[in-house]
Amino acid sequence: AFSLLFSPDVPRDHSAVWASRKSDIISTVEFNHTGELLATGDKGGRVVIFQREQESKNQVHRRGEYNVYSTFQSHEPEFDYLKSLEIEEKINKIRWLPQQNAAYFLLSTNDKTVKLWKVSERDKRPEGYNLKDEEGRLRDPATITTLRVPVLRPMDLMVEATPRRVFANAHTYHINSISVNSDYETYMSADDLRINLWNFEITNQSFNIVDIKPANMEELTEVITAAEFHPHHCNTFVYSSSKGTIRLCDMRASALCDRHTKFFEEPEDPSNRSFFSEIISSISDVKFSHSGRYIMTRDYLTVKVWDLNMENRPIETYQVHDYLRSKLCSLYENDCIFDKFECVWNGSDSVIMTGSYNNFFRMFDRNTKRDVTLEASRENSKPRAILKPRKVCVGGKRRKDEISVDSLDFSKKILHTAWHPSENIIAVAATNNLYIFQDKVN
Ligand SMILES: *[C@@H]1O[C@H](CO)[C@@H](O)[C@H](O)[C@H]1NC(C)=O
Ligand SMILES: *[C@@H]1O[C@H](CO)[C@@H](O)[C@H](O)[C@H]1NC(C)=O
Ligand SMILES: *[C@@H]1O[C@H](CO)[C@@H](O)[C@H](O)[C@H]1NC(C)=O
Ligand SMILES: *[C@@H]1O[C@H](CO)[C@@H](O)[C@H](O)[C@H]1NC(C)=O
């Protein structure tokens with residue numbers, strides 16, 4: 001039973017009515033590796049980092065709210081003069097690096113450029129310089145008669161974000177994924193047709209590890225939709241395609257991984273074939289389980305779990321919103337059929353979460369095979385009130401607590417969610433609102 005832990009008011013630019021601002025729409029959410037920090041990126045190119053409150057001694061049971069820790073502008077709109085194309089500032093993905101010193105590092109990307117950000121704290125400032133005064137102005141050398149020893153004085157905590165590396169000019173198409181390798185020295189960035197491998201220290205060079213661009217673009221039948229490194233084996237990665245297939249590649253086999261090691265595909269059920277079959281089989285997200293044994297994929301109507309040792313079909317298939325099968329025509333007309341839903345595992349790989357419409361999101365328990373639909377909304381979730389499971393009525397008589405398929409709001413969609421790595425805390429992005437829910441065990 002999940003209840004609302006926190007729905008922070010993200011700092012907004014007050015010059016406009018925020019509810020109508022497209023730039024505030026959250027486009028990615030990501031916990032750091034211990035779950036103490038949560039980063040969101042939005043369409044306006046901003047990154048907001050939330051930090052979990054420290055446990056206070058007298059309020060042991062009140063632990064866990066997340067507060068705004070740092071906000072910064074990661075990407076700005078740009079213009080590509082050669083192609084006469086606008087490059088949006090929207091943050092497509094954020095990935096944390098494991099913490100190695102007092103500072104935090106994260107990667108953020110828009111369609112073209114990946115940036116490595118350093119987020120660090122400062123609570124002291126040096127005072128008593130010899131050659132400049134406290135405001136930083138140079139002192140007249142004639143007035144310097146004694147040598148002073150500068151000291152560090154405490155000041156209010158300041159969190160600074162500084163761009164440490166900018167990885168640009170390597171993608172012709174739109175970047176859909178970035179993934180940090182388990183060697184923590186390299187990462188990859190994937191666009192529609194190519195995947196590049198980068199070293200964190202080198203920004204002027206990357207290695208192209210996958211290239212599916214046909215010599216003649218008219219022969220193009222398939223694009224790359226998502227890619228991720230194996231959590232433990234630094235030579236292995238997967239990428240998914242718009243044809244519903246997944247390829248596992250081994251970088252030890254050859255420098256260019258155009259030839260996969262494994263190929264996962266489920267043969268189509270001929271009785272379900274329709275005009276929309278190809279569109280709805282396109283994979284919008286692929287994620288390795290924490291154990292590294294399974295991969296999960298999300299397509300328009302389902303979530304599938306694949307065993308790395310079985311390529312010809314998934315071991316589990318979960319229906320996210322099968323009631324939309326009869327609505328595909330209108331979902332095609334309003335472009336919703338192209339929505340890219342993501343999916344996440346819980347910390348022990350036993351539960352799967354993914355989004356749907358009407359601000360609904362779904363959870364599937366892989367062991368008990370139980371599933372639940374929950375709703376992210378301010379009206380229905382007072383702080384600490386338990387979220388009530390929602391039901392969509394499919395044909396027949398609608399019960400009092402059910403909602404009919406025809407009254408679902410398709411403009412309210414949950415595309416991005418994140419699960420705390422070790423606790424039952426989830427973050428759900430609903431357009432321009434962020435909800436953090438917690439499962440209360442006691
Ligand atoms: C996650 O962030 C917290 C800061 O609140 C930090 O203490 C922790 O080391 C970070 N975890 C990792 C693995 O980077
Ligand atoms: C990248 O920059 C480094 C240092 O400036 C230089 O030594 C190297 O030759 C450059 N590589 C390429 C491919 O331009
Ligand atoms: C075919 O459609 C039915 C529902 O109409 C669904 O339950 C089944 O999983 C579909 N088969 C495949 C292979 O997608
Ligand atoms: C995963 O979900 C199950 C079921 O809610 C829960 O028992 C388990 O503690 C979760 N694991 C983590 C690490 O959150």
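Remember, it's 1-based here, ligands and their atoms both numbered in the order they're listed. Just so it is clear, the model here is predicted, and its values are computed rather than measured. Reckoned from all heavy atoms, side chains included, excluding hydrogens, waters and symmetry mates.
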Protein non-hydrogen atom found under 4.0 Å from atom 9 (O) of ligand 2: no
Take K391 and E402, measure what salt bridge (charged side-chain N to carboxylate O under 4.0 Å, His left out) needs, and give me the verdict at the end. CA-CA 5 Å; K391 271 218 163 55; E402 291 182 342; over 6 Å; no
Proximity of Y357 and F341 rings by center, below 6.0 Å: yes
Please check atom 14 (O) of ligand 4 for a protein heavy-atom neighbour under 4.0 Å. yes
So is Y104 touching ligand 1 or not, going by heavy atoms under 4.0 Å? yes
How are the rings of Y184 and H33 set relative to one another: parallel (under 30°), tilted (30 to 60°) or perpendicular (over 60°)? perpendicular
Nearest non-hydrogen protein atom, atom 5 (O) of ligand 2: N204 ND2, 4.7 Å
Against heavy atoms of P98, which atoms of ligand 1 measure under 4.0 Å? 14 (O)
Answer yes if the side chains of W306 and T297 hold a donor-acceptor pair under 3.5 Å, and no otherwise. yes
By number and element, which atoms of ligand 4 are closer than 4.0 Å to a non-hydrogen atom of S348? 1 (C), 8 (C), 10 (C), 11 (N), 12 (C), 13 (C)
Is it the case that the ring center of Y69 lies less than 6.0 angstrom away from the ring center of F50? no
Students often mix this up, so state it plainly: with edges at 30° and 60°, are the rings of F79 and Y81 parallel, tilted or perpendicular? perpendicular
Nearest protein heavy atom to atom 4 (C) of ligand 4, by residue and atom, and its distance? V351 CG2, 3.6 Å
Contact region, E423 to ligand 4, non-hydrogen atoms below 4.0 Å, reads backbone
Reference residue T225; test side chain to side chain donor-acceptor pair (under 3.5 Å); the match among S240, S284, S242, S282: S240
Flag H33 as yes when one of its N or O atoms lies below 3.5 Å from any N or O atom of ligand 1, and as no otherwise. no
In a check of side chain to side chain donor-acceptor pair (under 3.5 Å) between R362 and each of T417, D371, T354, which one passes? D371
Protein heavy-atom partner closest to atom 7 (O) of ligand 4 - residue, atom, separation in Å: N424 ND2, 4.5 Å
Under 4.0 Å from one or more heavy atoms of Q51, ligand 1 contributes atoms 5 (O)
S350 heavy atoms, cut-off 4.0 Å: which ligand 4 atoms fall inside? 1 (C), 2 (O), 3 (C)
Does the Lys NZ or Arg CZ of R366 fall within the cation-pi geometry relative to Y294 - under 6.0 Å from the ring centre and within 45° of the axis? yes
For atom 11 (N) of ligand 1, which protein heavy atom lies nearest, and how many Å away is it? T34 OG1, 2.8 Å
W117 ring center near F72 ring center (under 6.0 Å): yes
So is there a nitrogen or oxygen of E36 less than 3.5 Å from a nitrogen or oxygen in ligand 1? no
Specify side chain, backbone, both or neither for R52, according to which of its non-hydrogen atoms lie closer than 4.0 Å to ligand 1. neither
Atom 6 (C) of ligand 1 sits nearest the protein heavy atom Q99 OE1, 3.1 Å
Can you report which non-hydrogen protein atom sits closest to atom 1 (C) of ligand 1, along with the distance? N32 ND2, 1.5 Å
Taking the ring centre of each residue, are F167 and Y187 less than 6.0 Å apart? yes
Which residue and non-hydrogen atom of the protein lie closest to atom 2 (O) of ligand 4, and at what distance in Å? N346 ND2, 2.2 Å
